[in-house]
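Worth knowing before you read on, the calculation uses all heavy atoms, side chains too, and leaves out hydrogens, waters and symmetry mates.
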Amino acid sequence: MQETDKEIFEKDAKDYLPVFNRYKIVLDHGEGAYLWDNNGKKYLDFLGGIAVNVLGHDYGPLVTAISEQAKKLIHCSNLYYTQPQADAAAKLVALSGLDKAFFGNSGAEANEGAIKIARKYAHQIDPEKSQIITAWDSFHGRTIATLTATGQPKYHEGFGPLPDGFDYVHYNDIEELESMMSEKTAAVMLETIQGEGGVYTPEGDYLKKVRALCDKYHALLIFDEIQAGIGRSGKFFAYEKYGVKPDIVTLAKGLAGGVPIGAFIVTDAVAKAFHAGDHGTTFGGNPLACAAANVVLDTVPKPEFLAHVEAVGSYFKQQLEHLKAKHPALITDVRGTGLILGAELASAEHGRDIVNDCLAEGAIINCTAGKVLRFIPPLIITKEQVDTVILTLDDVLAKYDK
Ligand SMILES: *Cc1c(COP(=O)(O)O)cnc(C)c1O
């Protein structure tokens, strides 16, 4: 029996760990860039499950691949080989220019694996080479090691003692990074484009200079592309956009179009640090998740697909700039590239209200870091859909523009 929203809210309040500050709708199904709630109300989805549903909802080839794989084999353990896993790894290696891939189930797990292999690699050079430098306002996950890597004190509070060896620098500040590095630095880990922290892109040659410092101190460069990867920047990997190759890249979110997955990909030199038994996973890389990933990996890297992201993204950014010009007291900055865009509000006062008002008007958007409206929609959205969301936002902002 279909329950009412009220019944579901009450059940959730009673039985679900209250860690999510949820919006009061119950979602039921989707198609393309649209979602429908339990009452049949339609929404334009400009969040895409937080950068996950890259191919939109109910994408035929993805649904078919998942159903066909489910009929054959959902899971069989990494004690055996499967073709979907071998195929997905081969595709990631070819696309990344790196050499070995490993699959887990989430972004946090991908970063956890990247941290482990970087530590092991550095340990062979010098057991004291263990420092990992990350950025303030970064986001790397919720496990104990990845929340420590996350440069936001609010996520650390109450979870100590946290693991040693993590230091933080301001993103885009190369001098500060240089002052922090030495031969004891095992790795520098950065989001190629910061997402959750407020949509910040690398300025000028920042990432190239980071690469040079890593080379100077024999430290590994880890790019967390869990949010910015999988075509979102207009390139398959965001690092292609900035002409810098990491030693390790991590992926998750969009990689399997909505099926839980994570991956880290490393160079051969780094891969040699791990031997059988050094790492593992029960679910990671199972044939169901990899069959889904194979559809994404056959679709998103196509030049015409990436060109669409680039075109719609720059159009969207232009429209956000117009909105900023129209509401200068409310929007103070527009940032991002491709389809990872942010509009910073003058204050955090109305962030959540604006998201809620858009929701009431049938547009799902997000506010991160308190006051940055973040747009990370399915990569298949059209200019017309951008126009719709911009119109909605314009109306909603007018309400707060005094
Ligand atoms: C979402 C995210 C993570 C964590 O991924 P989970 O799947 O939630 O564990 C890590 N890094 C970045 C950049 C992310 O956006």
Would you mind checking if D12 and R22 are paired as a salt bridge, meaning a charged N to carboxylate O distance below 4.0 Å? yes
Considering only NZ, NE, NH1 and NH2 on the basic side and carboxylate oxygens on the acidic side, decide whether K209 and E178 come within less than 4.0 Å. no
With a 3.5 Å distance limit and no angle check, can you tell me whether T146 reaches the backbone of A108 through a side-chain donor-acceptor pair? no
Using only atom types and a distance under 3.5 Å, with no angle test, would you say the side chain of S233 pairs donor to acceptor with the backbone of G229? no
Basic-acidic side-chain contact under 4.0 Å: K24, D5: no
Do H170 and E176 have a side chain donor and acceptor closer than 3.5 Å? yes
Residues which pass salt bridge (charged side-chain N to carboxylate O under 4.0 Å, His left out) with D395, listed by chain and number, not counting sequence neighbours: none
Do you see a donor-acceptor pair shorter than 3.5 Å between the side chains of E361 and T392? no
What I want to check is whether the side chains of D394 and H322 have a donor and an acceptor closer together than 3.5 Å. no
Ion pair check, E10 and K14, cut-off under 4.0 Å: no
When rounded to the nearest 0.5 Å, the distance separating CD of E109 from OG1 of T143 is 9.0 Å
Side-chain ion pair, D387 and K383, N-O less than 4.0 Å: no
Taking 4.0 angstrom as the limit, do K235 and E310 come out as a salt bridge? no
Between D37 and K42, does any NZ, NE, NH1 or NH2 come within less than 4.0 Å of an OD or OE carboxylate oxygen? no
Going by salt bridge (Lys or Arg N to Asp or Glu O under 4.0 Å), name the pairs with one or both residues in residues 347-357, residues two or more places apart or in two chains. D357-K399
Measure from NZ or CZ of R211 to the centre of the six-membered ring of Y242 and say whether it is under 6.0 Å with the direction within 45° of the ring axis. no
In Å and rounded to the nearest 0.5 Å, what is the CE to CD1 distance from M189 to I248? 9.0 Å
Going by the angle between their ring planes, with limits at 30° and 60°, are F237 and Y239 parallel, tilted or perpendicular? parallel
Taking all atoms of both residues into account, what is the closest heavy-atom pair of V389 and I365, and its distance? CG1-CG2, 4.4 Å
Give me the atom names and distance for the closest heavy-atom approach of V93 to L98. CG1-O, 3.1 Å
